Amino acid sequence: MSAVNGTKFEPAVFLLTGIPGQEDVHLWISIPFFLMYVISILGNSLILFIIKTDPNLHEPMYIFLSMLAVTDLGLSISTMPTTLGIFWFNSRKISHDACFAQLSFIHLLTFTESSVLLSMAFDRFLAICNPLRYASILTQPRIAKMGLVSLLRAVALIFPFPILLKQYRYCKDNILSHSYCLHQEVMKMACSDITVNIIYGFFVTLSSLGLDLLLILLSYVMILKTVLSIASHVERLKALNTCVSHVCIVLLFYTPEIGLSVIYRFVKNSSPLVEIVMGNVYLLVPPLMNPIVYSVKTKPIRARILRVFIK
C-alpha cells in the first residue's frame, strides 16, 4: 500500500510556466520572444560567418568573440523549444529526464560563457598592459586550448547535477516558475534531503561565476592602472575604447545572473513575476545584445556587416 501511495504522489512530469495570469494573451506575448530568438540566432550566426570568412579577423579578440557567439547560440536553442511551446501550444509538460538534460545544457553553456568572458578580459589585459608579448602569448593553438579548458571545466562542474537530481523523489508541487528548467528550482521540487545540492550548487557558483567575475575585475584594475599612466589623453581614450564592448557584455551577463542567484538563495518571499522577468533577462538578453553591441562598437565587424548587406 505504501508503494502505491508513493507512486501516486510522485508526478511523472514537471509543469513549466509562461506568464502567470496572462494565459489569454500568450500568443501576443510570444511575438517579442520569437523576435528575440530570431535576432539572437541570426545575429550570432552572422558574427560567426563574418569572422570565419574574413582572414583579417582571425585574431585573438575575434576568435574569442566567435566562442561567445557559439555559447549564445547554444543558450538560445536550449530554451527556445519549451518557451515557444508554452506560448504557442500551451505545452507545459516536460519529463524529468528532459528537464535534467535542459538544465544541464543551460548551466553548462552559462559557465562556459563565463570562462569565455574571462578569456576576453585576459585578451584586453595583454593587448593594453603587455602589447609586445600579445602575439607570442595568444597564439591560435593556445587560444584553442583555452576554449577547450573552458568547456571541460563547465562539463566537470555540471556533471553531478543530473546524477544527483535523478536520485531524488519528486512528491511536492511539480510546477516550475519558468518556461525552462534550472537546477536551483528543480531541486526544490524534491521531497528528499537536498543539502548536497545546495552546498554543491553554491560551491559551483562561487568557483565558476564568482571566481571569473573577480578575475575580470582584477584585469580591469590592472588595465585602468596602465591606461592612467599613459601621458596622451587621446591614447588613453583609444585604449579604453577597445574595452567598452567587453565591459557592456560583462554587465549584461553577470548582472541578471547574480540577481537571479540572490533571489533564489536569499529572498524567501520574492514576487513570482520578478523571478520570471529576471529569469528571462538572464537567458534571453545576453545572446540578443552581444552581437548588437559588438556590431555597433567594433569597427571591423561593423564594416564587414555593411559590406555583406550592401552586396
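Fair warning: this is a prediction, and the values are worked out from it, not measured in the lab.
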Stepwise side chain to side chain contact (heavy atoms under 4.5 Å, CB included) check, M61 with T242: CA-CA 10 Å; M61 174 182 173; T242 64; over 6 Å; no
Stepwise side chain to side chain contact (heavy atoms under 4.5 Å, CB included) check, N280 with M36: CA-CA 11 Å; N280 286 321; M36 290 174 73; over 6 Å; no
Full working for side chain to side chain contact (heavy atoms under 4.5 Å, CB included) between E185 and L103: CA-CA 10 Å; E185 191 176 19; L103 69 86; over 6 Å; no
Verdict with supporting geometry, D97 and S95, side chain to side chain donor-acceptor pair (under 3.5 Å): CA-CA 6 Å; D97 288 340; S95 68; 5.8 Å; no
CA sep, side-chain torsions, deciding dist, call: S66, I47, side chain to side chain contact (heavy atoms under 4.5 Å, CB included): CA-CA 7 Å; S66 66; I47 292 290; 5.8 Å; no
Stepwise side chain to side chain donor-acceptor pair (under 3.5 Å) check, N197 with Y168: CA-CA 11 Å; N197 283 67; Y168 300 148; 2.3 Å; yes
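Nearest heavy atom pair, residue R302 against residue S295, reads CB-O, 3.0 Å. Listed here is the closest heavy atom pair of T139 and S136: CG2-O, 3.5 Å. Across all non-hydrogen atoms, the minimal contact from L75 to L109 is N-CD1, 3.5 Å. Smallest separation of non-hydrogen atoms from I276 and S177: CG1-O, 3.2 Å. Scanning all heavy atoms of the two residues, the minimum distance from P291 to N44 falls at CD-OD1, 3.7 Å. Between Y134 and P60 the shortest heavy-atom distance is OH-CB, 3.4 Å.
Separation of atoms CG (L283) and CE (M278) is listed at 11.0 Å; rounding is to 0.5 Å. Atom CG of residue N90 and atom CD of residue E23 lie 8.0 Å apart, to the nearest 0.5 angstrom. With rounding to the nearest 0.5 angstrom, the CD atom of E257 is 10.5 Å from the CG atom of L213. Distance check: L214 CG to L209 CG gives 12.5 Å after rounding to the nearest 0.5 Å.
Using cut-offs of 30° and 60° for the angle between ring planes, the F87 and F33 rings count as tilted.
Atom OH of Y254 has more than 12 heavy atoms from other residues, nucleotides or ligands within 6.0 Å. By the 6.0 Å contact criterion, OH on Y220 is enclosed, its count of non-hydrogen atoms from other residues, nucleotides or ligands being greater than 12. In this structure, F49 places its CZ atom where only 12 or fewer heavy-atom neighbours from other residues, nucleotides or ligands lie under 6.0 Å away.
Evaluation of the salt bridge (charged side-chain N to carboxylate O under 4.0 Å, His left out) test over residues 197-222, restricted to residues two or more places apart or in two chains, returns R153-D212.
Following chains of ILVMFWY side-chain contacts shorter than 4.5 Å, one can reach V155 starting from V204, so the two form part of one hydrophobic cluster. If you chain together hydrophobic residues whose side chains sit under 4.5 Å apart, I230 and L237 never meet in one group. F64 and V244 are members of different hydrophobic clusters when ILVMFWY side chains are connected at heavy-atom separations under 4.5 Å. Tracing side-chain contacts under 4.5 Å through hydrophobic residues (I, L, V, M, F, W, Y), one never reaches F159 starting from L206; they form parts of separate clusters. Cluster annotation: M67 and V149 are assigned to distinct hydrophobic clusters (Ile/Leu/Val/Met/Phe/Trp/Tyr, side-chain heavy-atom contacts under 4.5 Å, transitive).
At a cut-off of 3.5 Å, with distance as the only test, no side-chain donor of Q167 or S192 sits close to an acceptor on the other residue.
Remark: the backbone N or O of L68 is not paired with any side-chain donor or acceptor of E113 at under 3.5 angstrom. The main-chain N or O of G279 is never found under 3.5 Å from a side-chain atom of H178 such that the two would form a donor-acceptor pair. For S150 (side chain) and T112 (main-chain N/O), no donor-acceptor pair under 3.5 Å exists by modelled atom type. Distance alone, capped at 3.5 Å, places no donor-acceptor pair between the Y200 side chain and the F161 backbone. Here the side chain of S30 pairs a donor or acceptor atom with the backbone of L27 at under 3.5 angstrom. Side chain of T83 to backbone of M80: no donor-acceptor contact under 3.5 angstrom is found. Remark: side-chain polar atoms of S114 are not paired, donor with acceptor, to backbone N or O of T110 under 3.5 angstrom.
If you run side chain to side chain contact (heavy atoms under 4.5 Å, CB included) between I94 and each of F14, Y180, F100, only F14 comes through.
Taking the side-chain contact (heavy atoms from CB on, under 4.5 Å) definition, one finds that K93 meets it with V13, L15, sequence neighbours left out.
Side chains of L57 and P300 form a contact here, defined as non-hydrogen atoms less than 4.5 Å apart. Residues I143 and D123 fail the side-chain proximity criterion, which asks for heavy atoms closer than 4.5 Å.
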